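Everything on this sheet refers to the single structure shown next.
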Amino acid sequence: MASPCRLILALDVETKEEALALARPLAGNLAWVKLGLQLFTRHGPGIVDEFHALGFKVFLDLKFHDIPNTVSSAIKSLKGRPCSLLTIHTAGGPEMIARATEAARDTLPNCQVLGVTVLTSMDQTQLSAIGVQSSTEEQVRLLARMGTQAGLNGLVCSPLELSILRSELGAGPTLVTPGIRYPSAAADDQSRIMTPAQAAAAGANFIVVGRPILKAADPFAETLKIRREIGEAL
Ligand code: C5P
């Protein structure tokens with residue numbers, strides 16, 4: 001049987017106050033929130049503690065990409081912060097990934113480290129511009145294999161890559177996917193999309209949803225609808 005799929009709300013807003021106003025009414029009916037560079041840069045690491053104190057598990061999406069020592073030191077600086085998922089770029093290479101996961105094991109024992117393979121904003125033209133001649137799919141597979149061998153707990157991927165990565169890497173790695181939309185709704189800037197139920201069926205352990213909930217007339221109802229659709233029990 002496939003492992004359960006869970007919903008993560010991406011709090012992509014300008015200020016902590018806006019994020020709190022959106023998240024507070026959902027406490028108790030939503031387990032996970034994603035905090036990214038925008039809020040982290042504005043408010044600092046204490047924001048992780050604040051959302052955790054409201055009862056949320058925190059996905060800290062900072063996508064670290066630097067030399068091994070710097071990434072390892074940055075992760076050590078998060079010591080004690082209650083985050084449960086953290087991102088780095090697989091493009092940093094196996095040595096960086098190994099040092100990052102080692103640092104997380106020591107300082108954030110309850111946190112999984114996920115690797116971003118190819119950003120969903122990159123197409124073939126963008127990849128060629130940075131010297132990558134293989135197809136996007138080949139590049140994603142290469143980075144996913146290398147990343148999991150180097151110690152990553154999981155990967156962030158587009159929904160269209162879920163089934164390939166699941167069949168290639170097995171049940172072990174945690175697969176987290178953005179790009180969730182209903183056919184009737186605006187795709188915004190996402191082009192490689194699936195519905196929540198399709199992503200869950202394709203092997204996602206987590207779906208990350210931002211605008212479809214943030215811009216819904218009733219974010220609470222939308223949250224419950226998506227949770228129902230992926231069969232998530234709190
Ligand atoms: O609003 P929407 O549902 O498109 O938000 C998706 C979230 O997933 C955003 O926080 C976005 O930054 C993030 N994300 C993404 N593509 C990636 C990695 C993260 O859309 N490759």
Side-chain angles (χ1 to χ4, degrees), residues 5-16 18-19 22-23 26 30 32-43 47-48 51 56-65 83 85-92 112-124 126-127 130 132 136-137 139-141 143-144 147 152 154-162 164-165 173-200 202 204-217 219 222-223 225-227 229-230:
C5 183
R6 297 179 187 84
L7 169 65
I8 302 176
L9 172 62
L11 288 170
D12 295 328
V13 291
E14 266 181 44
T15 66
K16 182 176 76 180
E18 279 176 77
L22 282 158
L26 297 172
L30 171 78
W32 287 82
V33 293
K34 183 179 88 111
L35 302 173
L37 283 168
Q38 191 177 8
L39 288 181
F40 192 87
T41 307
R42 183 178 285 245
H43 298 286
I47 193 166
V48 177
F51 280 88
F56 295 107
K57 287 188 167 225
V58 177
F59 171 14
L60 189 56
D61 188 19
L62 301 180
K63 297 189 180 70
F64 289 139
H65 186 182
C83 59
L85 293 171
L86 178 71
T87 46
I88 64 174
H89 270 283
T90 54
Q112 294 192 46
V113 181
L114 308 172
V116 176
T117 55
V118 176
L119 289 171
T120 43
S121 54
M122 300 287 282
D123 58 14
Q124 208 63 54
Q126 298 281 320
L127 273 183
I130 59 163
V132 176
T136 311
E137 188 187 305
Q139 184 66 5
V140 167
R141 291 163 80 157
L143 291 170
L152 285 174
L155 298 153
V156 181
C157 63
S158 104
L160 302 190
E161 287 142 14
L162 283 168
I164 286 176
L165 293 183
T174 300
L175 297 183
V176 179
T177 188
I180 301 299
R181 291 292 184 276
Y182 290 103
S184 56
D188 302 309
D189 52 0
Q190 299 281 14
S191 52
R192 311 184 73 203
I193 56 180
M194 272 190 190
T195 67
Q198 287 169 334
N205 299 106
F206 292 93
I207 58 170
V208 181
V209 180
R211 286 160 291 184
I213 292 178
L214 301 177
K215 292 184 176 170
E222 195 65 19
T223 299
K225 176 177 142 196
I226 295 176
R227 280 196 37 221
E229 203 179 308
I230 61 174

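Whatever order the structure lists them in is the order used to number ligands and atoms, beginning at 1. Quick caveat, the model's predicted, so the values are computed rather than measured. All values below were derived from every heavy atom in this structure, side-chain atoms included, with hydrogens, water molecules and symmetry-related copies excluded.
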Hey, mind stepping through Ile226 and Ile207 against side-chain contact (heavy atoms from CB on, under 4.5 Å) and telling me if it holds? CA-CA 10 Å; Ile226 295 176; Ile207 58 170; 3.7 Å; yes

Before signing off on this row, confirm whether Thr120 and ligand 1 have an N or O atom pair separated by under 3.5 Å. yes

So the atoms of ligand 1 within less than 4.0 Å of a heavy atom of Arg211 turn out to be 1 (O), 2 (P), 3 (O), 4 (O)

Among non-hydrogen protein atoms, atom 19 (C) of ligand 1 lies closest to Lys63 NZ, 3.8 Å

Looking only at protein heavy atoms, which one is nearest to atom 10 (O) of ligand 1, and how far off is it? Asp12 OD2, 2.6 Å

Nearest protein heavy-atom contact for atom 7 (C) of ligand 1: which residue, which atom, what distance? Val208 CG1, 3.9 Å

Atom 11 (C) of ligand 1 sits nearest the protein heavy atom Lys34 NZ, 4.0 Å

Which part of Met122 is near ligand 1, with near meaning a heavy atom under 4.0 Å away: side chain, backbone, both or neither? neither

For the residue pair Ile213 and Leu7, establish whether any side-chain heavy-atom pair is separated by less than 4.5 Å. yes

Any atoms of ligand 1 less than 4.0 Å from a non-hydrogen atom of Ala10? List them with their elements. 10 (O)

Measure from NZ or CZ of Lys225 to the centre of the six-membered ring of Tyr182, then state whether that distance is under 6.0 Å and the direction lies within 45° of the axis. yes

At the 4.0 Å heavy-atom cut-off, does Pro212 count as touching ligand 1? yes

Would you call Arg141-Glu137 a salt bridge at under 4.0 Å N-O? yes

Give the residue and atom name of whichever protein heavy atom lies nearest to atom 20 (O) of ligand 1, and the separation in Å to one decimal. Gln190 NE2, 2.9 Å

How are the rings of Trp32 and Phe206 set to each other: parallel, tilted or perpendicular (split at 30° and 60°)? perpendicular

Scanning both residues in full, the closest heavy-atom pair of Gly179 with Pro159 reads O-CG, 3.6 Å

Apply the side-chain hydrogen bond (donor to acceptor under 3.5 Å, both in side chains) test between Thr136 and each candidate in Gln124, Glu161, Gln126; give the one that qualifies. Gln124

Side chain proximity check, Leu35 to Phe40, heavy atoms < 4.5 angstrom: no

Within the 4.0 Å heavy-atom shell around Arg181, which atoms of ligand 1 are there? 1 (O), 2 (P), 3 (O), 4 (O)

Run the numbers for me: atoms of ligand 1, each under 4.0 Å from some heavy atom of Val209, listed by number. 3 (O)

In terms of heavy-atom contacts, Asp12 and Leu214 come closest through N-CD1, 3.9 Å

What protein heavy atom lies closest to atom 15 (C) of ligand 1? Include the residue and the distance to one decimal. Pro178 CG, 3.4 Å

heavy-atom search around atom 5 (O) of ligand 1 in the protein gives Gly210 N, 3.7 Å

